[in-house]
Amino acid sequence: MLGLIQDRPLLISSLIEYSGLNHGDVEIVSRTVEGPIHRTNYRNINLRAKKLAQALTKLGAKLGDRIGTVAWNGYRHMEIYFGVSGMGAVCHTINPRLFPEQIAYIVNHAEDKYLFVDLTFVPLLEALQEQFEKVEGIVIMTDEAHMPETTLKNVICYETLVEAEEGDYDWPQFDEMTASSLCYTSGTTGNPKGVLYANRSTVLHSFCVCANDGLGVSSGDSILAVVPMFHANAWGLPYAAAMSGAKMVLPGAAMDGASLYELMEAEKVTLSAGVPTIWMMLLGYVKENKLKFSTMDRTVIGGSAAPRSMIETFINDYGVNVIHAWGMTETSPIGTTGNLLKKHADLPEDEKIDIRIKQGRLVYGVELKITGDNGEELPRDGVAFGDIKVRGPWITKGYFKGEGGEVLDDDGWFTTGDVGTIDPDGYMQITDRSKDVIKSGGEWISSIDVENEALGCPGIVEAAVIAVPHPKWDERPLVIAVKEKGHPVSRDDVIKHLENSLAKWQLPDDVVFVDELPHTATGKLLKTKLRDEFKDYKLPTT
Ligand code: ADP
């Protein structure tokens, strides 16, 4: 027997319709590519998203068509998020930091019909346009006054396109499983693979982002989304903000400490979200200029492990709570979020940090387990570690066009490629990416642990740890680090520092200093490149 409850589809358009009607005056503030700060609100975003849907319909875009974006975080990008998904098309956010040949590959793989591009990336598309197979037109996200001279063909001005319409448009109703957006993983090996989200999965994920034990987004928030809208939908923040009527602050292209800090203060930001590298820069700026955060009460750190020293600095020096979160493009992306439990309230500060450096607790909606070598489930005791597998209504079930083949096991679990532990309270701790872990004499050494500890050593700005072949132990850890300019820190200083926290067998065999470390398009350490560069490195212990 079925329940007698209305069967309304969970559609992305309902989010912006809700905030347009009920939080109409709440601001969306953007630092524009053209220069000035721009202010709009949910009423206008909803209206202009409808105008865009009307315009795209006239251009021939239909349900399921892919519409690409190459853009920073800004209000026009938000209009495209809601306009494109709202009309039943697929918003394909493209990471401009990918290699140009990868961008051409994914535009063709996705069969993008139109591309929307920020002024910054016009030259990038000019260089690639001959390779595009299905693109019918390119919309430049600016007004007539700022339209550039360009060799791009079939160019349309965004403002002219949108403002030609009336916005007298009712969001269409369709199956909630209809695809809504597409995001390719950066693919450190092989071609990028597309994760295709649905309207339903996006709305359910938004409930989770708004839940108190998720990221707790509410109408009281002013959110600075530093995490790019081309990276796992800015961790779902634009949708969750619309669901709750939270103010959005979008930093555009300016990701330096001074620009971010200025927005945080001017727009009374209460919640921010980004990867550790960004916060490293911001904290450096704030410390150097002896500043404080006057309104920010929490920050979400994810994408890579948040170093202990960073969590301590935010909490102890600046009174900003840290939500350490884990997820991946394939998980929409929220998998776990790091809030403390009631029973932790009276713990000594140091022990609270021990909990916070874990990647967070399971939130309702994501099932997670760890398995051993033969696929057997391992205990949730916080000690046993194994392959992390996930399942749930916002977890991918396969890549776009079947790339990568079958990705779920017989019981529907997706293997994340991460290795970690789960404790009895549901806190998950990543030990490593399965391919980064260092296998030494039958024991596993977590590259993340060693990196985290190395970052706590005075004079070290960034550190990567990789496995180097060793005749006796199979593999041994090598630290590759970047020093603070002019700092005298030496190899021995780093190893001495690590002796405080690591067991002797976990200590790196050597430390090498470099000017900079390679990163992926999503800002993570590119260890495949390091492994390649150091494959013939002779450790002093061999
Ligand atoms: P990419 O395209 O680089 O794979 P994703 O955002 O999908 O981008 O990357 C997901 C991976 O990032 C995870 O599988 C995990 O290895 C890593 N990751 C994400 N958050 C954390 C975190 N808080 N701590 C450690 N690793 C993390």
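Counting starts at 1 for both ligands and their atoms, following the listed order. Numbering starts at 1 and runs along the sequence shown. Since the structure is predicted, the reported quantities are computational estimates derived from the model, not experimental observations. Heavy atoms only: backbone and side chains are in, while hydrogens, waters and symmetry mates are out.
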Heavy-atom distances under 4.0 Å decide this one: backbone, side chain, both or neither, for Pro333 against ligand 1? neither
Which of the numbered atoms in ligand 1 are under 4.0 angstrom from any heavy atom belonging to Thr185? 2 (O)
Tell me which part of Met328 gets within contact of ligand 1: side chain, backbone, both or neither, using heavy atoms under 4.0 Å. both
Considering non-hydrogen atoms only, spot the tightest contact between Pro96 and Ile103 and give its length. O-CD1, 3.8 Å
Which ligand 1 atoms, with their elements, are less than 4.0 angstrom from a heavy-atom of Ala325? 20 (N), 22 (C), 23 (N)
A cation-pi test, strictly: NZ or CZ of Lys439 under 6.0 Å from the centre of the six-membered ring of Trp444 and no more than 45 degrees from its axis. Yes or no? yes
Determine, considering heavy atoms only, which of Lys524, His324, Gln359, Met428 sits nearest to atom 11 (C) of ligand 1. Lys524
Between His109 and Tyr184, does the ring centre distance come in under 6.0 Å? yes
Can you figure out which of Thr520, Leu98, Asp418 has its heavy atom closest to atom 15 (C) of ligand 1? Asp418
Going by atom types only, do Thr178 and Asn199 share a side-chain donor-acceptor pair under 3.5 Å? no
Geometry only, no angles: is Ile301 polar-contacting ligand 1 at N/O separations under 3.5 Å? no
Relative to each other, are the rings of Tyr261 and Phe293 parallel, tilted or perpendicular (30° and 60° limits)? tilted
Which one holds for Ala306 and ligand 1: side chain close, backbone close, both close, or neither close, with close meaning a heavy atom under 4.0 Å? neither
Of Ala521, Gly303, Gly302, the residue with the heavy atom nearest atom 27 (C) of ligand 1 is Gly303
Quick one: do the His344 and Glu351 side chains pair a donor with an acceptor below 3.5 Å? no
At the 4.0 Å heavy-atom cut-off, does Ala232 count as touching ligand 1? no
For Thr329, which part has a heavy atom under 4.0 Å from ligand 1: side chain, backbone, both, or neither? both
Between His205 and Trp394, how do the two ring planes meet: parallel, tilted or perpendicular, split at 30° and 60°? perpendicular
Are Lys287 and Asp317 close enough for a salt bridge, meaning some N to O gap below 4.0 Å? no
